[in-house]
Each structure stands twice: as C-alpha cells, then as structure tokens.
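Since the structure comes first, as structure tokens, the remarks are kept for the end.
All residue numbers refer to positions in the sequence shown, counting from 1.
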Amino acid sequence: MEIIRIAELPQQATPRGVKARTVLDVPYINIMNLTLNPGDEVPSHTTPVDVLFHIIEGEGSVTVGPETAKVKAGEIVVSPAGIPHALNADAGTIFSVLVMKIPNPKGKAK
C-alpha cells in the first residue's frame, strides 16, 4: 500500500504563478495539488485530456468553456479535453485544488 501525504510533498511555483505539488505522475493519470492565495488565478488555457478539479480547501470559481461556477471544498468539476478552463481564488481564502489529468498528457511515469 502506498500512502501519499500531500502536505509533506515538495511545493514549487508554476509558470502561472501558483504553488503546486506533484501528487502522482503515472501513465494513466497526473495529479497535482494547486494552492492559490486569495485573489490568485490560473488563467484560461486548454489541455489535450480530460481534467477533474477536486476542491479540497477554500472557495473560488472554476470556469469551463463559457460557464463559471462558484465552488467550495468537497466539490468536483469536470473539464472535457480541449475546452478552455480557469481557476480563481476568492478574496480572503486559500483555494486548494487537486487537478487530475486523465490520461496523463505526458504519457509516462516519473
């Protein structure tokens, strides 16, 4: 059995300026934990694979295509492959999100 303790994983800044931890990177899925400070955003972009956003802390908004929804801890948002998506943290709250890309767009394990 493998237990992954997310809080103990190393964290680095992404090119989009938010903090990220690699949780799992295998051929069939890539999972990252993004942490946005109040007011931070991940600008709209597309990925060639399906993406699930599992909100694990705080509140913010997720945009998928033309739709934007307010979300909070415990909710999951589905973004189909090729559709633009974005994340925004609400003011006054840390917004922590597990971003799951299925399958892993890199196609290989680290």
Side-chain angles (χ1 to χ4, degrees):
M1 173 188 328
E2 180 179 4
I3 298 173
I4 299 170
R5 293 180 173 87
I6 296 172
E8 296 175 8
L9 297 172
Q11 195 173 53
Q12 69 276 349
T14 70
R16 293 183 173 94
V18 299
K19 293 178 268 180
R21 291 180 167 102
T22 300
V23 177
L24 188 64
D25 192 14
V26 294
Y28 53 89
I29 190 168
N30 173 269
I31 303 175
M32 301 293 292
N33 173 220
L34 299 183
T35 303
L36 288 74
N37 288 319
D40 281 356
E41 69 175 352
V42 174
S44 183
H45 63 285
T46 60
T47 56
V49 297
D50 293 337
V51 180
L52 300 175
F53 299 104
H54 180 190
I55 314 312
I56 58 174
E57 180 182 353
E59 296 181 3
S61 60
V62 177
T63 300
V64 177
E67 298 179 272
T68 299
K70 291 294 231 179
V71 293
K72 62 183 183 225
E75 297 178 334
I76 296 175
V77 178
V78 178
S79 178
I83 304 295
H85 50 258
L87 302 171
N88 290 281
D90 282 355
T93 183
I94 297 291
F95 190 47
S96 183
V97 181
L98 286 180
V99 179
M100 297 169 265
K101 295 178 182 175
I102 307 162
N104 188 339
K106 297 180 231 171
K108 60 181 174 56
K110 273 190 173 179

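Annotation for Pro27 and Pro103: closest pair O-CB, 4.0 Å, computed over non-hydrogen atoms. Across all their heavy atoms, Pro38 and Gly92 have their closest contact at CB-N, 3.3 Å. Nearest heavy atoms, Gln12 versus Thr22: NE2-OG1, 4.3 Å. Taking every heavy atom of both residues into account, Asp50 and Ala81 meet most closely at OD1-N, 2.9 Å. Scanning both residues, Val49 and Pro105, for their nearest heavy atoms gives CG2-CD, 4.0 Å. Residue Gly82 comes nearest to Thr46 through the heavy atom pair O-CG2, 3.9 Å, listed as atom of the first residue, atom of the second, then distance.
Remark: Leu34 CG to Lys19 NZ distance equals 11.5 Å, nearest 0.5 Å. His85 contributes atom NE2, which lies 4.0 Å from atom OG1 of Thr47 (distance to the nearest 0.5 angstrom). Taking CG from Leu52 and CD1 from Ile29, the interatomic distance works out to 7.0 Å, rounded to the nearest 0.5 Å. Atom CD1 of Ile94 and atom CG of Asn37 lie 4.5 Å apart (nearest 0.5 Å). Taking CG from Leu87 and OG1 from Thr68, the interatomic distance works out to 11.0 Å, rounded to the nearest 0.5 Å. Rounding to the nearest 0.5 angstrom, the gap separating the CD1 atom in Ile83 from the OG1 atom in Thr63 is 13.0 Å.
For the pair Asn104 (side chain) and Val26 (backbone), a donor-acceptor distance under 3.5 Å is present. Side chain of Glu75 to main chain of Lys72: a donor-acceptor pair is present (N/O by atom type, distance under 3.5 Å, no hydrogens or angles).
Counting only heavy atoms from C-beta outward, the side chains of Asn88 and Phe95 never approach each other to under 4.5 Å. Looking at Lys70 and Asp90, their side chains come closer than 4.5 Å, going by heavy atoms from C-beta outward. Between Ile6 and Leu98, the closest side-chain pair of non-hydrogen atoms falls below 4.5 Å. With a 4.5 Å cut-off on side-chain heavy atoms, Met100 and Val23 do not count as touching. Here the side chains of Pro80 and Val64 are in contact, with some heavy-atom distance below 4.5 Å.
Two different hydrophobic clusters hold Met32 and Leu9 under the rule that ILVMFWY side chains link at heavy-atom gaps under 4.5 Å. Connection of Ile56 to Ile4 is established within a shared hydrophobic cluster, with ILVMFWY side chains joined at heavy-atom distances below 4.5 Å, either directly or through further cluster members. Connection of Val51 to Ile31 is not established within any shared hydrophobic cluster, with ILVMFWY side chains joined at heavy-atom distances below 4.5 Å, either directly or through further cluster members.
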>> Would Ile76 and Phe53 count as a side-chain contact (heavy atoms from CB on, under 4.5 Å) here? Give the steps.
In response: CA-CA 5 Å; Ile76 296 175; Phe53 299 104; over 6 Å; no
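Counting non-hydrogen atoms of neighbouring residues, nucleotides and ligands closer than 6.0 angstrom, the CD atom of Glu67 reaches no more than 12 such neighbours.
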